[in-house]
There are 2 protein chains.
Amino acid sequence: MPESDSVTSTMPAERIQQAFSPGNLKELTHRLADILGRHMESVQASAGNVLNWYEPPENCRLASEFLDPASPLQNGVEPLVDRFEVLAKEMLARGHNLHDPRYIGHQVPASVPLAGLFDAIGSVTNQVMAVYEMGPWATAVERSLIDRIGQAIGFEKDTFAGLVTHGGTLGNMTGLLTARNVTLGDAWGSGLQGSDKAPVLVAHGDSHYSISRTAGILGIGTRNVVRVKLDQRRRMDPQHLDETLTVLRKTGTPIVAVCACACATPIGAFDPLPEIAEICRRHEVWLHVDAAHGGAACLSKKYRHLIAGLEQADSVVTDAHKMMFVPALCAFVFYRNRDHRFEAFQQDAPYLFDPSSPGLAEYDSGMQTLECTKRAASYGLWGIWSLFGQQLFSDMIDATFDLGRVFYEKLVEAPDFEPLHEPQCNIVAFQYVPDELRDAPHETLNQFLLKLRHRLIRSGEFYIVQTKIDGKQALRVTIINPLTTVDHLDGLLDAIRRTGREVLDSEHE
Amino acid sequence: MPESDSVTSTMPAERIQQAFSPGNLKELTHRLADILGRHMESVQASAGNVLNWYEPPENCRLASEFLDPASPLQNGVEPLVDRFEVLAKEMLARGHNLHDPRYIGHQVPASVPLAGLFDAIGSVTNQVMAVYEMGPWATAVERSLIDRIGQAIGFEKDTFAGLVTHGGTLGNMTGLLTARNVTLGDAWGSGLQGSDKAPVLVAHGDSHYSISRTAGILGIGTRNVVRVKLDQRRRMDPQHLDETLTVLRKTGTPIVAVCACACATPIGAFDPLPEIAEICRRHEVWLHVDAAHGGAACLSKKYRHLIAGLEQADSVVTDAHKMMFVPALCAFVFYRNRDHRFEAFQQDAPYLFDPSSPGLAEYDSGMQTLECTKRAASYGLWGIWSLFGQQLFSDMIDATFDLGRVFYEKLVEAPDFEPLHEPQCNIVAFQYVPDELRDAPHETLNQFLLKLRHRLIRSGEFYIVQTKIDGKQALRVTIINPLTTVDHLDGLLDAIRRTGREVLDSEHE
């Protein structure tokens, strides 16, 4: 087996051989092992910045320069494995370090690093689906996980169906497309322009933007999303839902679905699903639950109570690339009634689906997902589940959800911090109110908090996010790195105070 | 730095440490290097089967058994790195070997293996986008490639826009959603049910199923796809397009877009884009071109004539995971007029997009893609482009397109084979007609060819696909592995003859 070539070839056939060489693959992967090992060690030890901030034009210019191998950035670096190292290190040096325990930001996890190795097996060998024969093992892996997770949610074995798709937004769109096609009769074939009355989507007041986006895409219209009021903990108010559905039914308005949340993004509020499901059944309305973040709680003894009733939904979305701690993207969609599994899409592609083996259609994922060619998106999840068992997920969920509570208690105790809600999970929104701004107008405090976060994340010291709740600018954390500890949370409060001081000082100048 | 643990831990904190350990990451990646190197060498040498065929229930049962680490499959295998090897080897043993040069099947390439290593950097460190600050380098990489490829297509620098999404189907949907929103005024906000007259999508007679699927999703309706006739080489007939648009305009029917192909899937036919673009301009209709397969020809001097006129389209889709030979999924969407870049989606997500840095919205990919969280889908393409230069893509396109012609000539020469068209690229559809079936009814030959392919691919000797053209069952190849040679094509003809003989014999028994 040839080892890595020492000079980049200039003949077409040679260049192709070099790019496909098993020897190069082996040698560069060994080098990658050392690079990734050192990088992960340094990041987990907080040796550098969390976010490596550079202005977009600078990063874009540099990324473009690398595309010319004759550029000074790479020219003369030989052999190939050393050129690879130059590129890999630059990618890592300019990326975002989600594995730094001071990353406490978006609902994107510090993923289990080993999951990326299983994904790499799929990526290097390019395992894809659409039809079973293209990705037999990728299909099997996906099926085994759909079965496990569906049953953990509480669906009854052999009566439900599921699929894997590229993200929660696509998942919500797929689930609601099924609801639309089931509810509105011939919408798929004849379109929506025939209907007398505009159909509506009834949604949680805080639902993710993918829900109104879905209304825009599916021809329902974003203005035909009817919002249900929230209770004091920002959960869907069942009584208002009941009243809303009663009025809609009375006026003969077609209802595509009710969209509930487990949990909603702003503060991580879990809807009372058993009551909502009962109301939907009574009004004969499709219940879709966006459980992108919280669905994984089905794997935790301690927190599965949060999603009680999820098994009564008609369609459910849950993202493994959130609280199952695998790299993006790996989202699951479930249908309680497996008869609905082919309702989202219908197609005729004679070159694809094999009429000589009709039994295989059941295993052809392209019949059920928007994607035709689909990567083996669940190799990572299957790999770490197989290595460590289901218990690992429970451990990570419990550790991070527990810490949400701890952080909240710290906020309650600190006189200069104000939690904006009592958390149900690992999402916490809060304000920092220094003495100087205690009596300041709302908008002054809002602007101060925006500037504070802006400065904090670009310093590389911590990474947190922001949201707006009832007009109040909030700082927001998702504790989604199992390596984050109480000490890091104390450090965050200190860093916010220090950065706030700097913002105030810079304004006095 | 701790090296790989020898026993799987049973304490929550320990299990998490083990899963996140930099030492384990390093050790397992080194092991992966040896496994992948050996596997790739064996596959490229055709040492085993192309497709490893197992019936779906068997694969599903096995994939599920692995999810229990206490199962006999894994129990007792220690340390962790050896358990990892058991899993990795099973994944490879039951997958599909696209890198075997006898894989001549779907429009999914034997990808450049090293591209998977760059993807792995994104996957292990979980680099994602939606907002620039989450994936600053991932965003920059994507931007640099959009710029290069857009200009290679022929769009004018700084006047066009583009995005990366998870597959050609999602790409087509995104481009046509933009067309719908631009064409139908307030469709996004008010939905489609208000329109007097059903809008239509005018499409190539052979367009990919994602086009009619898009009509179903967007509320246009699959029956409102108007098909344009094809010429003798299955390209869109410009005269018939002109007549069709004239009639639609006369009757006041809203036209969402014309969808042309570069190339269409069944036989790889490239539409005459300059003529089509001129007709669309004259009728003031949006032109969308599905160049998922052929768009990459913009990187080849020899073949770029096939896509002349592509730069006149309003929206274009091209898949890097087809003829740029990177692993799935990495699809590009382009808008000729960059003013259209925010027309597909509109949303309000205060916790996401930073109102304190409005300039950054230009770099927040989530404003332009369906995906909210999106993986760093173009790391693989950027990596191999940077390592080998643009010339590598040209080499691979030329080698495989050239071979399409060679294969066609072999079919013409062979008395028992019949090409069903003259190929324009690397897609060739044909029939094998043994003497015994020369005068048989059409349907007898059709059934024979289905059985032949079925038997051939399950034997593991070659992998090819099938389609139906004007009622004729066709065998179909896409030469999309740069390691495939003329000898392999000769071998394929022999294997088809031999397998055909077996099918005939088994029916006489």
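Labels below follow one simple rule: chain letters A, B, ... track the order of the sequence lines, proteins then strands, and each chain is numbered from 1.
The part of A:Y363 that comes within reach of chain B is its side chain, from C-beta onward, which places non-hydrogen atoms under 4.5 angstrom from that chain. If you measure heavy-atom distances from A:H99 to chain B, the contacts under 4.5 Å come from the side chain alone. In this structure, chain A has no heavy atom under 4.5 Å from any part of B:S210. For A:F20, the parts lying near chain B are the backbone and the side chain together; criterion is any non-hydrogen pair under 4.5 Å. Only the side chain of A:L51 has a heavy atom closer than 4.5 Å to any heavy atom of chain B. Both the backbone and the side chain of B:L62 come within less than 4.5 Å of a heavy atom of chain A. Contact of B:N52 with chain A is made through the backbone alone, with heavy-atom distances under 4.5 Å. Both the backbone and the side chain of A:V112 come within less than 4.5 Å of a heavy atom of chain B. Heavy atoms closer than 4.5 Å to chain A are found in the backbone of B:A187, but not in its side chain.
Shown here are the salt bridge (Lys or Arg N to Asp or Glu O under 4.0 Å) partners of A:D119, two or more places apart in sequence or in another chain: there are none. B:D186 meets the salt bridge (Lys or Arg N to Asp or Glu O under 4.0 Å) test with A:R223; sequence neighbours excluded.
In this structure, B:I121 and A:L87 have side chains that are not in contact, with every pair of non-hydrogen atoms separated by 4.5 Å or more. In this structure, B:M173 and A:M173 have side chains that are in contact, with non-hydrogen atoms separated by less than 4.5 Å.
Between the CG atom of A:L36 and the CG atom of B:L117 there is a distance of 9.5 Å, given to the nearest 0.5 Å. Put simply, CE on A:M91 and CH2 on B:W137 are 8.5 Å apart, with the number rounded to the nearest 0.5 Å. Interatomic distance, A:D398 CG to B:I16 CD1, rounded to the nearest 0.5 Å: 8.5 Å. The structure places CZ of B:R83 at 8.0 Å from CZ of A:F388, a figure rounded to the nearest 0.5 Å. For the atom pair A:S144 OG and B:L67 CG, the distance stands at 4.5 Å (nearest 0.5 Å). Taking CZ of B:R38 as the reference point, atom CG of A:L25 lies at 12.0 Å (rounded to 0.5 Å).
For the set B:N224, B:I384, B:L177, B:T125, the entry with the most heavy-atom pairs within less than 4.5 Å of chain A is B:T125. For chain A, the option among B:W382, B:F66, B:W385 with the highest count of heavy-atom pairs below 4.5 Å is B:W382. Considering only heavy-atom pairs separated by less than 4.5 Å from chain A, the leading option among B:I220, B:T169, B:L329 is B:L329. For the set A:T139, A:L483, A:V141, the count of heavy-atom pairs under 4.5 angstrom toward chain B peaks at A:L483. Note on B:S394, B:G380, B:P327: by heavy-atom pairs under 4.5 Å with chain A, the leading option is B:P327. Note on A:A110, A:A70, A:P136: by heavy-atom pairs under 4.5 Å with chain B, the leading option is A:P136. For the set B:Q127, B:R143, B:E371, B:M396, the entry with the most heavy-atom pairs within less than 4.5 Å of chain A is B:Q127. Chain A forms the most heavy-atom pairs under 4.5 Å with one residue out of B:Q390, B:M40, B:E90, B:K374, and that residue is B:M40.
Listed for the A:R15 side chain is no donor-acceptor partner under 3.5 Å among the backbone atoms of B:Q391. Looking only at distances, no side-chain donor or acceptor of A:D68 sits under 3.5 Å from a matching main-chain atom of B:G389.
Counting only N and O atoms by type, the side chains of A:H30 and B:D34 include a donor and acceptor under 3.5 Å apart.
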| query | Can you check side-chain contact (heavy atoms from CB on, under 4.5 Å) on B:V108 and A:M134, steps first, answer last? | reply | CA-CA 9 Å; B:V108 178; A:M134 272 300 280; 3.7 Å; yes
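Close placement of the B:F84 and A:F118 rings is indicated, their centers lying within 6.0 Å of each other.
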